[in-house]
Amino acid sequence: MSDRPVRVRFAPSPTGPLHIGGVRTALYNYLFAKKHNGTFILRIEDTDQNRFVPGAEEYIANALEWLGISATEGVVNGGPHAPYRQSERKLMYHEFAQRLVDSGNAYYAFDTTEELEAMRKRLEAAKVAAPQYNAISRGSMKNSLTLSEDETKKKLEAGEPYVIRIKIPRNEEVRFHDIIRGWVVVHTSSLDDKVLFKSDGMPTYHLANVVDDYLMNISHVIRGEEWLPSAPLHVLLYRYLNWESVMPQFAHLPLLLRPDGNGKLSKRDGDRLGFPVFPLDWKDPATGEQSSGYRERGYFPDAVVNLLALLGWHPGNNQELFTKEELIEAFSLEKVNKSGAKFDPDKAKWFNQQYLRKADNSELARLFKADIDKRNMSGLSHIDNMSYVEGVSHLIKEKAHFVSEFWSIGSFFFIAPDMYDEAVIQKRWNPTTKDFFGKLNAALTNSTDFSHTVIETLFKSTAEANGVAPGSVMQLFRVLITGMAAGPALFETLELLGKDEVVKRISTALEKLK
Ligand code: GLU
C-alpha cells in the first residue's frame with residue numbers, strides 16, 4: 001500500500017433497489033476503508049436521467065444504514081467535495097470533455113440516430129462481428145475528424161446537437177494492474193469510441209466517474225466485475241487528462257452467481273427461487289411490482305453483513321462467524337477470489353440462525369412481542385409479561401432460524417393446546433400411561449419447588465415407582481402440555497409455564513383423552 005490516504009467510494013446509479021451484489025460492493029468498500037483508517041464515500045451516479053427511479057437513492061441510503069455500513073462522506077452526510085450527486089455536479093464536467101477535445105483525444109460527433117443506425121446496418125452487411133463507432137468506422141461518419149475545422153465550427157455555432165466521443169487509438173495495448181485479477185492487458189482494437197458527453201449537456205457515466213474519482217481523490221476503485229470492460233477506457237482517460245500519477249488502484253469484485261452456479265444472480269432470481277436478493281422490501285413505483293428484502297424476512301443486519309462478506313472473500317482459515325470488527329481486522333482485497341461466488345440460500349438461513357442463537361433474549365423478546373402484536377390475538381396469557389416472553393425466547397431460539405418462526409414453535413406458551421398430536425396419542429395413550437399422568441399430576445401439585453431439575457426428578461421417580469420407562473412417556477408428556485410432538489427443552493418449558501398451568505393442562509388432558 002502506498003502512503004496515499006485511503007478514500008474509496010460506492011457509486012450506485014439510482015435505477016432501482018440495490019441488489020445484494022451492490023450491497024456486497026458497498027460492504028467491501030466499507031471494510032477496506034475502516035481497515036485502513038480511510039474514508040468511505042457514497043456518491044450517486046445519476047447522469048442517465050432516463051433510468052432514474054424515484055425513491056431509489058433513499059432506498060440505497062436506508063439499506064446501508066440498516067446494515068450499519070453507512071458512508072461518512074457523501075450524499076447523506078455531505079463533505080469537502082459536495083455535492084455528491086452527479087446531476088448536481090453537471091456544470092463541472094464539460095470543461096474536462098473540452099480539454100480532451102483540445103488535446104486531440106476526443107472529438108465532436110454530429111451523427112443523427114438514423115445515421116448511426118445506417119452505419120450499424122452497413123457494418124453488419126459487411127459481416128463485421130461487432131459493429132461499433134471506432135477507430136475505423138469513425139472515418140466515414142459526421143464528426144470533427146472528418147469535417148473541416150470550419151464546418152465543425154459552423155455546426156457548433158448553429159447549435160447543432162453533438163456528442164463528444166473519446167478517440168481510441170487504433171493500435172495500442174492498454175495495461176493496468178487490478179488488485180484481484182493481476183495485470184490486465186487489452187488491445188485498443190477491441191474498444192469503441194464511447195460517448196463522454198451527451199447532447200443533453202450531461203456527461204456519460206465514464207467521464208463523470210473518472211472526473212469525480214479524480215476530484216474526490218479516490219485512492220481505490222472497488223467495484224463489480226461488470227465494470228472491468230470499462231476499465232481500459234478509464235485508464236486512457238486518466239492518461240489523456242494527465243492524471244496518471246493519481247490514478248486509483250482498481251479491484252474488480254467477482255460476480256454473485258445463482259445457487260446452481262449457472263449465471264449471474266439477477267434481480268428476478270430472488271422471488272423466483274424463494275429468497276430475497278434485496279436488502280429491504282421494495283415496491284416499484286412505476287409497475288407496483290413488489291420484491292422482498294432481508295430485513296422484512298427477519299434477517300439480522302449483522303448476519304447479512306457476515307454472509308455477504310464471505311461471498312467472494314476468504315479469510316484464509318475456516319472461521320465463518322465474524323463480528324463487524326473482526327471483519328474489518330481480517331479483510332483484505334488480496335484475499336478476494338477471482339471466480340464468481342455461488343449464493344447459497346440455506347447457508348444464508350444458517351447465518352441468521354447463528355446470530356439468533358447469540359442474540360440477547362431481551363432483544364428477541366422485543367421482536368417476538370412485536371410479531372405477536374401484529375397477529376392481533378386476544379386471550380393470550382402472560383403476553384405483557386416481558387420477563388416471561390424473554391424466557392420463552394430463550395427456550396425457542398435453539399429451534400428457529402427467524403423470530404417470525406417463534407409463534408408457530410411456541411404459541412403454547414400463551415395458549416393451552418386444544419388438540420394433541422394424533423400419532424403420539426395413538427401410540428402411547430393407554431390405561432397405564434393415563435394412570436401414570438394422574439399420579440404425576442398429584443406429585444407435581446404437592447411439590448413446593450417447581451424448578452426444572454425438581455420436575456425432572458419427580459417425573460423419573462414417579463415413572464419408576466409405577467413401573468413405567470421414563471422414555472416411553474416423555475414425548476407423551478410434551479404432547480399433553482404443548483399439543484406437539486417436538487419442541488424446546490421440556491423440563492425448562494414446564495418450569496416457565498409454572499405449576500398451576502402445568503397441573504391444569506395435565507388435568508384437562510386426563511379429562512379430554514379417554
Ligand atoms: N454507477 C456505477 C454503478 O452503478 C458505478 C461503477 C463504479 O463503481 O465505477 O454500478
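Computed from a predicted structure; not experimentally measured.
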**Q** Within the distance-only criterion (no hydrogens, no angle test), does the side chain of Arg89 pair as donor or acceptor with the backbone N or O of Pro83 below 3.5 angstrom?
**A** yes

**Q** Heavy atoms, side chains only, cut-off 4.5 Å: are Leu367 and Phe406 in contact?
**A** no

**Q** Check for a donor-acceptor pair, side chain of Lys397 on one end and backbone N or O of Ala359 on the other, with a separation under 3.5 Å.
**A** yes

**Q** Got a sec, which pairs hit side-chain hydrogen bond (donor to acceptor under 3.5 Å, both in side chains) with one end in residues 297-309, sequence neighbours left out?
**A**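 Qualifying pairs: Ser292-Arg297, Asn306-Tyr355.
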
**Q** With Tyr30, which residues qualify under ring-ring contact (aromatic ring centres under 6.0 Å, His included), at least two apart?
**A**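 If we apply the ring-ring contact (aromatic ring centres under 6.0 Å, His included) test to Tyr30, skipping adjacent residues, there are no hits.
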
**Q** Please work out whether the ring planes of Phe459 and Phe436 are parallel, tilted or perpendicular, with thresholds of 30° and 60°.
**A** perpendicular

**Q** Ring-plane angle category for Tyr205 and Trp227, please: parallel below 30°, perpendicular beyond 60°, tilted otherwise.
**A**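 Rings of Tyr205 and Trp227: tilted, as their planes differ by 30° to 60°.
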
**Q** Under a 3.5 Å distance rule, please check whether Glu296 uses its side chain to pair with a backbone N or O of Asp281 as donor and acceptor.
**A** yes

**Q** Where do His220 and Phe32 land on the ring pair (Phe, Tyr, Trp, His ring centres under 6.0 Å) test, with the steps shown first?
**A** CA-CA 9 Å; His220 296 77; Phe32 185 76; 4.7 Å; yes

**Q** Can you sort out the partners of His206 under ring-ring contact (aromatic ring centres under 6.0 Å, His included), two or more places apart, ordered by chain and number?
**A** His234

**Q** Say whether, by atom type as modelled, one donor and one acceptor occur between the side chain of Arg9 and the main chain of Asn29 under 3.5 angstrom.
**A** no

**Q** Please name all residues satisfying ring-ring contact (aromatic ring centres under 6.0 Å, His included) with Phe40, sequence neighbours left out, ordered by chain then number.
**A**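 ring-ring contact (aromatic ring centres under 6.0 Å, His included) list for Phe40, sorted by chain: empty.
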
**Q** Taking only Lys NZ, Arg NE, NH1 and NH2, and the carboxylate oxygens of Asp or Glu, determine whether Arg268 and Glu289 approach each other closer than 4.0 Å.
**A** yes

**Q** Just jot down the side-chain contact (heavy atoms from CB on, under 4.5 Å) partners of Ala231, sequence neighbours excluded, or say none.
**A**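 If we apply the side-chain contact (heavy atoms from CB on, under 4.5 Å) test to Ala231, skipping adjacent residues, the hits are Phe176, Arg223, His252.
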
**Q** Taking side-chain hydrogen bond (donor to acceptor under 3.5 Å, both in side chains) as the cut-off, I'd like each qualifying pair that reaches into residues 414-429, sequence neighbours left out, listed once.
**A** none

**Q** When the ring planes of Phe491 and Phe477 are compared, do they come out parallel, tilted or perpendicular, using 30° and 60° as the limits?
**A**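 Geometry flag for Phe477 against Phe491: perpendicular rings.
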
**Q** Taking atom NZ as the centre, does Lys504 end up with more than 12 heavy-atom neighbours from other residues, nucleotides or ligands that are less than 6.0 angstrom away?
**A**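 Atom NZ in Lys504 is not packed in, count stays at 12 or less.
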
